[in-house]
Student: 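The structure is given below, and queries will be raised subsequently.
In the text below, chain A, chain B and the rest are named by the order of the sequence lines, each starting its count at 1.
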Number of protein chains: 4
Amino acid sequence: MTVHSDPGPGHPRESPISQPAPTAGKRERIIEAAIKVFAERGFYHARVSEVAAEAGVAGGTIYNYFRNKDDLLISLFEDRMEAILADFRAELAGIDSAAGRLRRFVELHLRMVAQNPPLAEVLTVELRQSSKFMREYKARKFGEYLALLESLISEGIEQGLFRSDVDPKILKRALFGAIDEVSLFWVGHQRAGNPQPYALDHAAEQIWRLYAGGLMRPQESTP
Amino acid sequence: MTVHSDPGPGHPRESPISQPAPTAGKRERIIEAAIKVFAERGFYHARVSEVAAEAGVAGGTIYNYFRNKDDLLISLFEDRMEAILADFRAELAGIDSAAGRLRRFVELHLRMVAQNPPLAEVLTVELRQSSKFMREYKARKFGEYLALLESLISEGIEQGLFRSDVDPKILKRALFGAIDEVSLFWVGHQRAGNPQPYALDHAAEQIWRLYAGGLMRPQESTP
Amino acid sequence: MTVHSDPGPGHPRESPISQPAPTAGKRERIIEAAIKVFAERGFYHARVSEVAAEAGVAGGTIYNYFRNKDDLLISLFEDRMEAILADFRAELAGIDSAAGRLRRFVELHLRMVAQNPPLAEVLTVELRQSSKFMREYKARKFGEYLALLESLISEGIEQGLFRSDVDPKILKRALFGAIDEVSLFWVGHQRAGNPQPYALDHAAEQIWRLYAGGLMRPQESTP
Amino acid sequence: MTVHSDPGPGHPRESPISQPAPTAGKRERIIEAAIKVFAERGFYHARVSEVAAEAGVAGGTIYNYFRNKDDLLISLFEDRMEAILADFRAELAGIDSAAGRLRRFVELHLRMVAQNPPLAEVLTVELRQSSKFMREYKARKFGEYLALLESLISEGIEQGLFRSDVDPKILKRALFGAIDEVSLFWVGHQRAGNPQPYALDHAAEQIWRLYAGGLMRPQESTP
DNA sequence: CATGAATGAGCATTCATTCAT
DNA sequence: AATGAATGAATGCTCATTCAT
């Protein structure tokens, strides 16, 4: 499934019954370690040996599971984005109104940030840097996330709930950028040892209220 | 003024009368070169020697004007941010209504992006990475820009134009994030050789309409 | 007999009666694989895992039969040189004249090259490199081959067939070097996908004629 | 002239007047060091840092003059082969008879070996190994040396001095192989701390006598 | 005996920075 | 001030070897 990364010796994903393979979870542990280390030190300042130490494996072991440092970042991204997308889709499936779904999306993103700040940092900050190849890769993969967001806006328009003069191509980015920036500041503040600058659910409410007000047709009021 | 960077042999800013010193503009040329190279290759992939070549100076010359590579990025940031802030303040000074000023802010940011895409890339992308020191530095310096934005929102609330239940601390970040994301996608698209995904002034209008709708008190309509 | 290499699980050579052990031939398969891989990639570029793959065994299995990579090369050398020497001695046993035996030696060497080019490459090229220890080892083991050659020349002198002013110590090396160089060029040419630069039996005749002319006393003519 | 290697900062070859450039001789010193270290330890066992230490420069300096370790070997080869060829051509220019020229060639090769054993080792041993690219490169460059040898044989045939049934394509290799093997054994013996196994000029005489006897038409006698 | 995942020593190479000229 | 050759610390990656299963 992952094209660019060796699934690793234990091939954990391919043993459905899976009495824990000898290497079960090793790939996972490396990814977890990478998220932590990349978030703390930044991708370029992080040394592969630090990731290995954090994962409790030898340096060379990383290369049994990932082609190189770049591939570790990409695989991490792909792996976690897939899980997040699946989670989001499941959560949104039970909600009828486009407005409710969009609101839920905002909440879900910020909940994810609150539950796993280092992951949020890595997913949104680290991949902006790195090689041209990785920027392109990220753009592609990240597109799915934005496509989901765009579909929520488009649905709202189709349902006659949102104003018809909004451009979903632009507003999906505007909304994502808003959520992302609010998240990252919060995450950075935490890391620096400061108290929370604001509660994330308060932020979710603020953002949603703003966008609801901007998106909805005049007669609608914020739910 | 610049604490961390050597103003350089010509000290151009300090000789107000100054017929251009023999090295006048050398510091400036290096900064211009750095913007170009950092935008193209990313801060970590850019080599100091590439910046030097682009600026038409020898590698060692960079170090007559900047302490090190980090300092070059920071100085660049400081230098350009000051100019941008001064420009924005001048532009906004002539506008009365908080709504008009906020709208103008969005337009100015996107105009800046359109006029100098590499600068936009460097200012918003490159500084997210880098060392802990630089992240903190950026947060501080960047705060002025956000403070300006916050003041515009706060004014709107004080003037009774904007809803009183919005949190300017959060919404300034939401608005900045929205503008930034829309900008960066546009910039990245351009760099990749693609046609523009959207016109930036159309984007400015969309963003403004959205935020206006969300910020303004119900009885107000988008201008 | 083999001091430095584990004869392996089947110990085939030490059980003279022995119906082939379950692993019989595994050591042999590894050696064959090593000859192929070392010839193709060179000893230093060849990876042990490549040899294992070529032999159809797991990487670790190599180490049940050989101490390490160096030992694999040495064992290969020893093994094949013994077989070659036995073959040569048997072939030469039936020839009376020293001249005929020397001529046959040249033919046998080139026939061996033609029949097994990769082996020829490994035996003569790869062992020149490698560690000091291996160079010395090779010198010793290889000496037997040269000793055979020297004995043929010495016999010719004793028989009054060859000139008495030739130095067998030097000429054995000269002759070996000549045969070897002619062989290796031919082998390299083949590997590169080129057509044969010359027929090896033509080369054998040329070399023999040259050495016969140079070695034999004036009144003698090439047999 | 050298295509694949940076001639280095001082560009010593390009300053014909050459008051010693600041880096004069640095490239040369590195090559000398490389010859010594490669001969002692073998190309693959030699570390770049050892070459640097031997040359009295920092590790990184090597890379101001050569692209990488391979390029150092190739450049070394090219550099010295050119000098040797020029030397040989000059020496041979003053000799009339093909036989005399061929004899001189043998003497020159062995003289070169005696004067610079490490160079002889590197030129003939180290380049046989290494990557496919280098093998091909060597074949090309080394061809010039062999072409000179072939021309000497061909001339002898044309002059009616050598037998017309000898194949210069094969015999040039046979002769080179003979000289080379005799040389390398001598060199290896020296390095191992043993007394010389034979005098090199004695070897030259033996080889020449052998080839003269084999090449010359029956009525000719060795000069 | 066979396996192959795990190990970690080893090393070429890069590139920011210095400093003699 | 400007230069650019020299420096050497820093690190990603390879691959021979081990050993638990």
Student: Can you tell me how the ring of C:Tyr44 sits relative to the ring of D:His45, calling it parallel under 30°, perpendicular over 60° and tilted otherwise?
Tutor: perpendicular
Student: With a 4.0 Å limit, can you tell me whether A:Lys26 has a side-chain N or O closer than that to the phosphate oxygens OP1/OP2 of E:dA6?
Tutor: yes
Student: Starting from P on F:dA16, measure out to CG on C:Asp71 and report it in whole angstrom.
Tutor: 15 Å
Student: Give the rounded distance in Å between these two atoms: CD1 of D:Ile62 and P of E:dC11.
Tutor: 15 Å
Student: What string of B, S and - do you get for nucleotides 13-21 of chain E, 5' to 3', if B is base contact, S is sugar-phosphate-only contact and - is no contact with any protein heavy atom under 4.0 Å?
Tutor: BBSSBB---
Student: Which heavy atom in A:Ile35 sits nearest to a heavy atom in A:Val122, and how many Å separate them?
Tutor: O-CG2, 3.5 Å
Student: Starting at the 5' end of DNA chain E, which residue's closest nucleotide do you reach first, A:Val57 or C:Val57?
Tutor: C:Val57
Student: From B:Leu72 CG over to B:Phe43 CZ, what is the distance, rounded to the nearest 0.5 angstrom?
Tutor: 7.5 Å
Student: Got a second to check how far B:Leu119's CG is from B:Lys36's NZ, nearest 0.5 Å?
Tutor: 14.5 Å
Student: Roughly, in whole Å, what's the span from CZ in D:Arg27 to P in F:dA5?
Tutor: 15 Å
Student: Is the distance from OP1 or OP2 of E:dA6 to the nearest side-chain N or O of A:Tyr65 less than 4.0 Å?
Tutor: yes
Student: Between F:dA5 atom P and D:Phe66 atom CZ, what is the distance in whole Å?
Tutor: 15 Å
Student: Return the value, rounded to whole Å, for the distance between atom CD1 of A:Ile30 and atom C1' of F:dC13.
Tutor: 15 Å
Student: Does DNA chain E take part in any stems of at least 3 consecutive Watson-Crick or G-U pairs (both distances under 3.5 Å), and if so, which ones?
Tutor: E:2-21 with F:2-21
Student: Rounded to the nearest 0.5 Å, how far apart are CD1 of C:Ile74 and NZ of C:Lys69?
Tutor: 13.0 Å
Student: Quick one: are A:Ile31 and A:Tyr65 in side-chain contact, heavy atoms under 4.5 Å?
Tutor: no
Student: Can you measure from CG (C:Leu76) to CD (C:Glu32) and round to the nearest 0.5 angstrom?
Tutor: 8.5 Å
Student: So, do A:Phe38 and A:Val51 sit near enough that their side-chain heavy atoms are less than 4.5 Å apart?
Tutor: yes
Student: What's the spacing between C:Leu123 CG and C:Arg80 CZ if we round to 0.5 Å?
Tutor: 9.0 Å
